[in-house]
Amino acid sequence: MEVIVGLGNPGKRYEATRHNIGFWVIEQLRALWDISLTLDRFQGESGIGTVNNKRVALLKPLAYMNLSGGVVAAFLSYFKLTPRELTVVYDDMDLPVGQLRLREDGGAGGHNGVQSIINIFKGQSFKRIRLGIGRPTEGMDVSKYVLARFTAEEELVMDKAVNSALEAIKITVQDGFVPAMNTYNRKVK
């Protein structure tokens, strides 16, 4: 089974913020693949469906960002899966707004949700789809920036980035993560 996890924070207050871009992707996949998400025993919303004859699970951890790892670990453990079956979708301040970057492993890059997953699994070997949200202006508090909404202009760019993430996930499910990386890890001109 392929497990797609979107990172974000629960609640209406955080719904349309930069930090919740992972939740945006899961919601789009849910609609695209007609997979119902329900509250689960793992402190998340999850659903399982079949896409191209492959079982796919969608998961939104509903613990706050810094506690995402426990939710992900409980879900994988219940289904007897390893981090190798895991693809995590999240925001990245080190990438320009709207840029997509796929990696098979690596560090947290300062992202507390990803660090939580790394800490739980004692390793970094899981697939990642990072969506660039850009950096705050000088002097702006980082937490205020990631918990703020996109500007109207940025939202148009992020809609395209989310669509690219959806396409990358479709390739991952159908053909594997390496073909998705080869397609989407191009430099922005």
Glu155 with Arg149: basic N within carboxylate O range, under 4.0 Å: no
Evaluate the side-chain proximity of Met93 to Tyr145: yes if any heavy-atom separation is below 4.5 Å, no if none is. yes
For the pair Phe42 and Tyr78, evaluate ring pair (Phe, Tyr, Trp, His ring centres under 6.0 Å) and give the outcome as yes or no after the intermediate values. CA-CA 9 Å; Phe42 317 107; Tyr78 180 81; 5.4 Å; yes
In Å, rounded to the nearest 0.5 Å, how long is the span from NE2 of His19 to NE2 of His111? 4.5 Å
Nearest heavy-atom approach of Leu100 to Ala161 is CD1-O, 4.2 Å
Pairwise side-chain contact, Phe177 with Ile129, heavy-atom cut-off 4.5 Å (strictly under): yes
Can a donor-acceptor pair be found, under 3.5 Å and without considering hydrogens, that links the side chain of Asn66 to the backbone of Asn112? no
Between Tyr184 and Val173, is there shared hydrophobic-cluster membership here, with clusters defined by ILVMFWY side-chain heavy atoms closer than 4.5 Å? yes
Are the side chains of Val72 and Phe121 in contact, using a 4.5 Å heavy-atom criterion? yes
Nearest heavy atoms of Ser125 and Asp105, plus distance in Å: CA-CB, 4.0 Å
Can you confirm whether Val56 sits close enough to Ile169 that some side-chain heavy atom of one is under 4.5 Å from a side-chain heavy atom of the other? no
Between Thr17 and Leu147, is there a donor-acceptor pair closer than 3.5 Å when you use the side chain of the first and the backbone of the second? no
Could you pull out the closest heavy-atom pair between Ala63 and Pro10, with the gap in Å? O-CD, 3.9 Å
Scan side-chain atoms only and decide if Asn119 and Gln115 contain a donor-acceptor pair under the 3.5 Å cut-off. yes
To the nearest 0.5 Å, atom CZ of Arg18 lies from atom CG of Asn20 at 12.5 Å
Short question: side chain of Arg128, backbone of Gly107 - any donor-acceptor pair under 3.5 Å? yes
When rounded to the nearest 0.5 angstrom, what distance separates CD in Glu85 from CD in Glu2? 7.5 Å
If you round to the nearest 0.5 Å, how far is CD1 of Ile21 from CZ of Phe150? 4.5 Å
Are the side chains of Leu29 and Ile35 in contact, using a 4.5 Å heavy-atom criterion? no
Check residues 132-143 and write down every donor-acceptor pair under 3.5 Å in which the side-chain atom is one partner and the other belongs to a residue at least two apart or another chain.
residue : atom : partner : partner atom : Å
Arg135  : NH2  : Asp94   : OD1          : 2.6
Asp141  : OD2  : Ser143  : N            : 3.2
Asp141  : OD2  : Ser143  : OG           : 2.4
Asp141  : OD2  : Lys144  : N            : 3.0

Quick check on Lys54: does its NZ atom have over 12 non-hydrogen neighbours (other residues, nucleotides or ligands) under 6.0 Å away? yes
A side-chain contact here means heavy atoms from C-beta on lying under 4.5 Å apart; do Phe79 and Val3 qualify? no
Could you tell me whether the side chain of Tyr90 reaches within less than 4.5 Å of the side chain of Met65, counting heavy atoms only? no
Following the transitive rule for hydrophobic clusters with a side-chain heavy-atom cut-off under 4.5 Å over Ile, Leu, Val, Met, Phe, Trp and Tyr, establish whether Leu62 and Leu59 coincide in one cluster. no
Give, for atom CE of Met181 and atom CZ of Arg101, the distance between the pair rounded to the nearest 0.5 Å. 10.5 Å
So, for Arg55 and Ile48, which heavy atoms are closest and what is the spacing to 0.1 Å? NH2-CD1, 4.0 Å
Atom pair CG/CD of Leu67 and Gln43 - distance to nearest 0.5 Å: 7.5 Å
Shortest non-hydrogen separation from Gly70 to Ile120 and the atoms involved: N-CG1, 3.8 Å
Testing the basics here: between Trp24 and Ala16, what is the closest heavy-atom pair and its distance to 0.1 Å? CZ2-O, 3.7 Å
By the rule that ILVMFWY residues connect when side-chain heavy atoms come within less than 4.5 angstrom, directly or transitively, which residues belong alongside Leu95? none
Side-chain ion pair, Arg30 and Glu45, N-O less than 4.0 Å: no
So Leu76 and Thr82, do their side chains get closer than 4.5 Å, heavy atoms only? no
